2 protein chains.
Amino acid sequence: MGVMNPLQTLDAAVDPSCCVPSAKPALSVEEAQQKALVFKALADPNRLRLLSIVKAEEAGESCVCDLTGPLDLGQPTVSHHLKILVEAGILHREKRGTWAYYSLVPGALDDVAGILSGL
Amino acid sequence: MGVMNPLQTLDAAVDPSCCVPSAKPALSVEEAQQKALVFKALADPNRLRLLSIVKAEEAGESCVCDLTGPLDLGQPTVSHHLKILVEAGILHREKRGTWAYYSLVPGALDDVAGILSGL
DNA sequence: CGGCTATATCGACGAATGTCAATCTATTGC
DNA sequence: GCAATAGATTGACATTCGTCGATATAGCCG
């Protein structure tokens, strides 16, 4: 498996000191790298549009064929962006037959907001 | 002046439809680019550590000389990262005498969280 | 099986990014 | 004015990133 997805490994258990404004040591290099991975995944306009489309979908999921059109990108490029979002722990991929359906990982965006408030 | 900082130009007036879960059109290309700028600024481990240090500071501000040490980066590189964070609307820069003090823009990180929840 | 369709992977290429050494600017203090 | 100091800017370089065309994989259907 090699590398775990950043959002699953980030503060899985809530830090008990979260509500105590004690002097926090600055982010370690490793923590910073982990958290930067999530923001890197969000740091592309086309990936933000992908998320926006997936989130807006009634069914909560979209297949790749529904995503290539609106983005004006080639199919390989869309697949590439989706992979990055999955590896960041933001999207979930489920293959059913020939189609691959992508959906928001529940709470993933809230977790990102948590990174921000926890600095 | 040319380019405005992304966080100031983002949803300055609250969208009245914010609380109505109506069918939102997917992010436009321009909106997506604007919002991606903010995440780009956060998508670097050293910039996250800079934010962490500035936020942890008692006085609410830090000068560059306090930031070069912990990061193990050259002074020009730190200056460069700080500039990116300022341009993204996340940090504020105030020059007093020879020193430059950087502080978090109040509410900036909350605004980023708002981008996430608004998709 | 053989063709068809949906998606993923690969290899290449140009653009953007992070870093540094060197230099420039501006402020302080003698 | 001059030297010293804090910080910003510039130019160069290696690395990473976004995109594409071509190809590979895998499930469906005749």
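Just so you know, these numbers use all the heavy atoms, side chains as well, and skip hydrogens, waters and symmetry mates. A note on names: the letters A, B, ... follow the listed sequences, proteins ahead of strands, and every chain is numbered from 1. Everything numeric in this text was worked out from a predicted model, so none of it was measured.
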Rounded to whole Å, please give me the gap between [atom1] in [X] and [atom2] in [N].
X       : N      : atom1 : atom2 : result
B:Ile84 : D:dA8  : CD1   : C1'   : 14 Å
B:Leu42 : C:dG18 : CG    : P     : 12 Å
B:Asp72 : C:dG18 : CG    : P     : 17 Å
A:Trp99 : D:dC29 : CH2   : C1'   : 11 Å
A:Phe39 : D:dC17 : CZ    : P     : 16 Å
A:Leu50 : D:dG18 : CG    : P     : 12 Å
B:Leu73 : D:dG7  : CG    : C1'   : 16 Å
B:Asp66 : D:dT5  : CG    : P     : 17 Å

For [N], does OP1 or OP2 lie under 4.0 Å from any side-chain N or O of [X]?
X       : N      : answer
A:Arg93 : C:dT7  : no
B:Thr77 : C:dG18 : no
A:His80 : C:dT7  : no
B:Arg96 : D:dA6  : no
A:His81 : D:dT19 : yes
B:Lys83 : D:dT9  : yes

To the side chain of A:Pro76, which of C:dT7, C:dT9, D:dC20 is closest?
C:dT9
Closest to the A:Lys40 side chain, choosing from D:dC17, D:dA8, C:dC20:
D:dC17
Comparing nearest nucleotides in DNA chain D, the 5'-proximal residue of the pair A:Asp44, A:Gly97 is A:Asp44
Which residue, A:Lys95 or A:Ala43, contacts DNA chain D at a nucleotide closer to its 5' end, judged by nearest heavy atom?
A:Ala43
In chain order, what residues pass the side chain to side chain contact (heavy atoms under 4.5 Å, CB included) check against B:Asp44, with sequence neighbours excluded?
B:Asn46, B:Arg47, B:His81
Looking for any heavy atom pair under 4.0 Å, which part of the strands does A:Tyr102 touch: base, sugar-phosphate only, or nothing?
sugar-phosphate
Give a yes or no on whether the backbone of B:Ser117 and the side-chain of A:Lys55 come within a donor-acceptor separation of less than 3.5 Å.
yes
Let's go through A:Leu104 and A:Leu51 carefully: what are the C-alpha distance in whole Å and the side-chain angles of both, what is the deciding distance for side-chain contact (heavy atoms from CB on, under 4.5 Å) to 0.1 Å, and is it a yes or a no?
CA-CA 8 Å; A:Leu104 266 181; A:Leu51 283 180; 3.9 Å; yes
Passing candidate, side chain to side chain contact (heavy atoms under 4.5 Å, CB included) with B:Tyr101, options B:Arg93, B:Glu57, B:Arg96
B:Arg96
Flag side-chain contact, heavy atom, 4.5 Å: B:Leu42 against A:Val38
no
Residue closer to the 5' end of DNA chain C, A:Gln75 versus B:Thr98 (nearest nucleotide):
A:Gln75
